[in-house]
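One structure is given here, and the rest of the page talks about it.
When a ligand or atom number is given, it counts from 1 through the structure's own listing order. Residues take their numbers from the sequence shown, with the count starting at 1. What you see below is based on every heavy atom in this structure, not just the backbone, and it leaves out hydrogens, waters and symmetry mates.
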Amino acid sequence: MTLAVIGGTGFGAFAGLTETKDHVVDTDFGPAEIQSGRLAGQAILFLPRHGMPARFLPHKINYRANLKALQMLGASQILAVTAVGTVSEDLTVPCLVVPDQIIDYTYGRALTFFDDEIHHIDFTHPYDALFRAQLLAAVAQVAASHKEMQAVLSGVYGCTQGPRLETKAEVRRLRNDGCTIVGMTAMPEAALARELELPYAGISVTVNPGAGMAERDIALAEIHEAMNQGLSWVKLVLAELLTTPV
Ligand code: HPA
């Protein structure tokens, strides 16, 4: 079993990773930069989605190369970490959300490995049920000993094209559609993982109220603070996930 973590905005270098090795993996879709190492005694792969240093905007990420490269290095599960805005009034900032559904609003992204072949994947449940259940158990375990941690065990991830944030009316529309969080990177990543039959689950950190959700405009300093707090919780969940036998 090799867990791969795709890190999102703010995740930065992977603190605590030992025996690290940097790989540039050449795939049919281009190169991908991945770090391998050990965390809590387990082999792990780490792929910073926006590059290291961060330079790829969400619509410019080479999702196909990333997923293919993870498969080539032997990933058996993929945990996708994302920063998101809130769409539901019930969510606080920061808060961890383990989404169970996705609505895709992106366009013009390279979204399949099957360009020359008719192939339809089942995507009723975009996140892998078994891996997601393991993730929920790890979140519950951490929550039991960290009372300050905010976590919500389901959610609908609305994936927008970006790179700009949404208008107030767009966030209202997302809410009417049933989304609870909004981000820019779950798609086509989740679908490509399914095409490769790689179990994929997501954990999102709410870093700002979606556009129009708060009285004030979105403040960058507050986003950073929420991100750091949320990511420290994600790292606890990750350590728990790695130390719990499957
Ligand atoms: N919208 C879209 N993506 C995001 C947001 C947001 O408000 N916050 C973090 N990623």
[X] side chain near [Y] side chain, heavy-atom distance below 4.5 Å:
X: Pro58; Y: Arg49; answer: no
X: Ile44; Y: Leu17; answer: yes
X: Leu96; Y: Met149; answer: yes
X: Asn66; Y: Ile61; answer: yes
X: Val182; Y: Leu165; answer: no

Less than 3.5 Å between some nitrogen or oxygen of Glu166 and one of ligand 1, yes or no?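 By distance alone, the answer is yes.
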Ligand 1 N/O within reach of Gly210 N/O, cut-off under 3.5 Å: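 Between Gly210 and ligand 1, no N or O pair is found under 3.5 Å apart.
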Which protein heavy atom lies closest to [atom], and at what distance to 0.1 Å?
atom: atom 10 (N) of ligand 1; answer: Ala83 O, 3.3 Å
atom: atom 4 (C) of ligand 1; answer: Val182 O, 3.6 Å
atom: atom 7 (O) of ligand 1; answer: Asn208 ND2, 3.0 Å
atom: atom 5 (C) of ligand 1; answer: Gly85 N, 3.5 Å
atom: atom 3 (N) of ligand 1; answer: Gly183 CA, 3.4 Å

Ligand 1 atoms in contact with Met184 (distance to a heavy atom under 4.0 Å):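 Once the distances to Met184 are compared, the set is 2 (C), 3 (N).
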For ligand 1, is any non-hydrogen atom under 4.0 Å from [X]'s backbone (N, CA, C, O), its side chain (CB onward), both, or neither?
X: Thr9; answer: neither
X: Leu165; answer: side chain
X: Ile223; answer: neither

Pi-cation contact, Tyr63 with Lys68 (under 6.0 Å, within 45°):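 The answer is no, since Lys68 fails at least one limit relative to Tyr63.
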In terms of relative ring orientation, are Phe11 and Phe46 parallel, tilted or perpendicular, with 30° and 60° separating the classes?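 Phe11 vs Phe46 ring planes: tilted.
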